[in-house]
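Below is one structure, written out as structure tokens, with a few remarks after it.
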Amino acid sequence: MSNRPSWRTWSGTARCAPATLLAPTREDEIVHAVRQAAKIGRTVRPVGTGHSFNQLACTDGTLLDLTRFRGVVGVDRDAGTVTVRAGTSLRLLNAALDRAGLALGNLGTIAEQTVAGALATGNHGTGLTHPPFSGQVTRLRLVTADGSVRDCDTREDPELFRCARTSLGALGVITEVTLRVVPRFNLRAVLGREPLDALLERFEEWAGSAEHVSFSWLPWADSAATRALDRTAAPPTPRAARHRYDSTLAEVRCGLSGLAGRLRPGIVPRLGRTPATGERVTYVDTAHRVFAFPQPIKFLAMEHALPLENVPAVMAGLRGALRRFGSYSPYSVLVRVGAPDDSPLSPAYGRRTGYVNLCVPRTAGYIEILRVAEPVLRDLDARPHWGKAHTATAEILRPRYPEWDSFARVRAALDPDGVFANDYLGRVLGPVHAGQPA
Ligand SMILES: Cc1cc2nc3c(=O)[nH]c(=O)nc-3n(C[C@H](O)[C@H](O)[C@H](O)COP(=O)(O)OP(=O)(O)OC[C@H]3O[C@@H](n4cnc5c(N)ncnc54)[C@H](O)[C@@H]3O)c2cc1C
């Protein structure tokens with residue numbers, strides 16, 4: 001039996017047995033670990049809380065768990081920024097900012113992941129005026145393959161800065177991140193329901209109808225649940241906490257339906273029956289409590305970023321493909337939107353983006369649903385979320401990223417020997433020198 005340490009993702013959908021598992025608390029320990037590994041020809045992968053669903057962080061070399069390298073380094077109120085250690089969780093950061101009367105301008109649906117992990121995979125929330133999380137970064141510090149420590153921003157090493165903001169852990173270990181912050185704010189949430197076809201007909205107009213919009217749709221239903229968030233000066237409504245946990249309860253119900261569906265697949269749509277229209281529900285809460293909610297049930301997710309205008313066609317394609325397939329996940333298809341980004345490997349690079357997310361229980365019968373959906377998305381110019389399930393390879397991805405070669409050049413210069421390589425990066429980015437002159 002191997003006495004190697006073992007590591008697995010939050011969802012348990014990827015695991016590895018690294019030769020060494022380290023949890024540094026200081027930057028010089030990270031430098032030392034990278035130098036030592038490079039010296040003996042071992043690869044290194046940095047990792048956060050493992051909230052990615054694929055083999056992105058896996059290695060049989062040195063795994064650097066950054067979750068103990070955490071904490072706020074400083075707040076610059078004049079510049080409107082906060083600097084944090086890379087392993088700080090968004091939850092911890094939200095709480096610290098809240099105490100200082102500040103907040104992040106946008107968030108995804110979960111706050112458990114680390115700042116660097118969220119950056120590395122192109123994390124995003126929703127909102128047509130909001131780029132992904134990488135767009136909130138103003139400065140980065142990273143340890144590269146030769147053990148040197150590099151700082152970068154739009155003036156100092158701007159090309160490295162652009163690339164490192166969405167870098168899959170392929171350029172080095174990010175140790176510090178400076179992020180733009182705004183004064184603490186509340187959000188008014190308006191929850192509704194409308195026929196899917198009517199929503200898709202005016203999709204681009206709807207996408208800009210509130211600061212943050214999203215909709216969720218169950219493939220057997222004709223209507224979608226909508227969510228629109230706007231800033232408000234109003235205080236939190238008295239029972240706001242109840243709404244906070246409604247989404248968590250819905251996830252628990254999905255988990256239970258998923259179990260029932262393993263025995264009788266046909267039962268899933270009956271357990272998740274939805275009305276054609278619904279009453280509007282409105283409430284106000286602190287922004288970070290509206291954006292994210294606790295998600296205790298494990299699942300597997302696949303998400304793709306598309307040109308915004310392709311979302312109606314993708315949804316029509318998914319409806320056809322999933323209904324023909326006839327077996328359903330209890331989780332809704334979630335649609336979000338976002339502003340363009342200029343980081344070369346950002347899935348939102350250069351275009352207004354619609355994000356289409358599918359979740360399934362982690363067992364075989366359900367995973368097949370993702371195999372049915374992926375070609376529909378891929379055919380409409382989609383770029384997969386770097387941290388979620390997908391089967392794309394570098395050959396498929398390269399033509400979808402206009403500045404792919406800029407990233408490849410920076411990677412080849414910083415990590416010529418592939419210290420930060422692993423099998424997943426080999427598949428999605430190709431070898432370190434791919435596309436480079438010999
Ligand atoms: C329940 C759930 C909800 C989610 N909701 C959203 C959502 O709303 N929006 C969205 O976009 N995504 C979402 N995700 C995906 C998730 O946020 C990302 O995959 C994110 O990367 C996870 O961060 P992490 O700290 O767990 O990173 P990990 O999964 O641990 O690592 C991801 C990548 O980051 C790299 N990395 C980690 N630390 C460093 C570092 N210090 N320096 C360099 N590279 C590093 C790793 O090498 C790896 O390549 C969700 C995931 C789950 C499980």
Side-chain angles (χ1 to χ4, degrees), residues 7-14 16 24 27 30 34 43-59 62-70 84-92 106-126 130 132-134 140-144 164-177 212 214 247-248 251 254 291-305 331 334 336 338 345-348 353 355 357 359 362 384-389 415 420-422 424-425 428-429:
W7 178 88
R8 45 180 276 173
T9 54
W10 168 87
S11 63
T13 47
C16 65
E27 190 180 74
I30 297 171
V34 171
T43 55
V44 178
R45 291 300 289 156
V47 69
T49 54
H51 276 61
S52 296
F53 294 89
N54 56 35
Q55 303 282 337
L56 183 55
C58 289
T59 183
T62 299
L63 190 64
L64 283 183
D65 172 352
L66 271 296
T67 53
R68 292 178 62 206
F69 187 70
R70 60 176 179 248
V84 291
R85 291 193 187 88
T88 310
S89 70
L90 292 177
R91 187 153 57 89
L92 198 146
N106 197 12
L107 278 173
T109 61
I110 188 165
E112 301 309 313
Q113 71 275 56
T114 62
V115 167
L119 275 183
T121 55
N123 247 239
H124 62 90
T126 189
H130 292 272
F133 191 47
S134 57
L140 280 177
R141 185 172 165 90
L142 72 162
V143 175
T144 55
R165 276 165 38 219
T166 317
S167 49
L168 289 74
L171 300 185
V173 184
I174 294 173
T175 56
E176 257 179 44
V177 181
H212 310 272
S214 60
S247 305
T248 304
E251 294 256 324
C254 285
F291 286 132
F293 61 94
Q295 299 183 49
I297 306 293
K298 315 268 164 152
F299 53 80
L300 175 63
M302 177 176 85
E303 184 169 39
H304 283 68
Y331 293 91
L334 171 66
R336 294 179 278 184
L345 287 195
S346 171
T353 295
Y355 299 95
N357 186 66
C359 293
R362 297 167 299 170
H385 191 301
W386 295 115
K388 300 193 180 181
D415 187 15
F420 295 108
N422 70 357
Y424 176 88
L425 291 186
V428 300
L429 299 183

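Just so you know, residue 1 is the first one in the sequence shown, and it goes up from there. Just so you know, these numbers use all the heavy atoms, side chains as well, and skip hydrogens, waters and symmetry mates. As the structure is a computational prediction, the values presented were derived from the model and not from experiment. Both ligands and their constituent atoms are indexed starting at 1 by order of listing.
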Tell me whether ligand 1 is touched by Glu112 - counting only heavy atoms on the residue side and a distance under 4.0 Å.
no

Phe53: heavy atom below 4.0 Å from ligand 1, yes or no?
yes

Stepwise side-chain contact (heavy atoms from CB on, under 4.5 Å) check, Glu112 with Gln295:
CA-CA 9 Å; Glu112 301 309 313; Gln295 299 183 49; over 6 Å; no

Could you identify the single nearest non-hydrogen protein atom to [atom] and state the distance to 0.1 Å?
| atom | answer |
| --- | --- |
| atom 18 (C) of ligand 1 | Asn123 ND2, 3.2 Å |
| atom 1 (C) of ligand 1 | Gln295 OE1, 3.3 Å |
| atom 25 (O) of ligand 1 | Thr114 OG1, 2.7 Å |
| atom 50 (C) of ligand 1 | Ile110 CG2, 3.9 Å |
| atom 14 (N) of ligand 1 | Lys388 CE, 3.7 Å |
| atom 32 (C) of ligand 1 | Ser52 OG, 3.3 Å |
| atom 26 (O) of ligand 1 | His51 N, 2.6 Å |
| atom 49 (O) of ligand 1 | Leu56 CG, 2.9 Å |

Which ligand 1 atoms, with their elements, are less than 4.0 angstrom from a heavy-atom of [X]?
| X | value |
| --- | --- |
| Thr121 | 18 (C), 19 (O), 20 (C), 21 (O), 32 (C), 33 (C) |
| Gln113 | 17 (O), 22 (C), 23 (O), 24 (P), 25 (O), 26 (O) |
| Gly108 | 8 (O) |
| Leu66 | 41 (N) |
| Ala116 | 38 (N), 39 (C), 40 (C), 41 (N) |
| Ala118 | 21 (O), 23 (O) |
| Phe299 | 1 (C) |
| Gly172 | 42 (N), 43 (C) |

Pairwise side-chain contact, [X] with [Y], heavy-atom cut-off 4.5 Å (strictly under):
| X | Y | value |
| --- | --- | --- |
| Val173 | Phe69 | no |
| Thr114 | Leu66 | no |
| Asn422 | Thr43 | no |
| Tyr355 | Leu334 | no |
| Arg45 | Leu56 | yes |
| Leu92 | Val84 | no |
| Leu90 | Phe133 | yes |
| Thr121 | Gln113 | no |

Would [X] count as a polar contact of ligand 1, with the cut-off being nitrogen or oxygen pairs under 3.5 Å?
| X | value |
| --- | --- |
| Gly117 | yes |
| Glu303 | no |
| Trp7 | no |
| Ile174 | yes |

Would His124 and Thr353 count as a side-chain contact (heavy atoms from CB on, under 4.5 Å) if you check the C-alpha gap in whole Å, the side-chain angles of each, and the deciding distance to 0.1 Å?
CA-CA 11 Å; His124 62 90; Thr353 295; over 6 Å; no

To which of [options] does the heavy atom nearest [atom] belong?
| atom | options | answer |
| --- | --- | --- |
| atom 5 (N) of ligand 1 | Ile297, Thr126, Thr109 | Thr109 |
| atom 47 (O) of ligand 1 | Pro46, Ala120, Ala57, Gly169 | Pro46 |
| atom 9 (N) of ligand 1 | His124, His385, Lys298 | His124 |

Give, for atom [atom1] of [X] and atom [atom2] of [Y], the distance between the pair rounded to the nearest 0.5 Å.
| X | Y | atom1 | atom2 | result |
| --- | --- | --- | --- | --- |
| His304 | Lys388 | NE2 | NZ | 11.0 Å |
| Leu63 | Cys16 | CG | SG | 5.5 Å |
| Asp415 | Leu171 | CG | CG | 8.0 Å |

How does Arg85 reach ligand 1, by side chain, by backbone, by both or by neither, if only non-hydrogen atoms under 4.0 Å count?
neither

Please work out which of the three classes, parallel, tilted or perpendicular, describes the rings of Trp10 and His51, given edges at 30° and 60°.
parallel

Determine whether a donor-acceptor pair (N or O, by modelled atom type, separation under 3.5 Å) exists between the side chain of Ser346 and the backbone of Thr166.
no

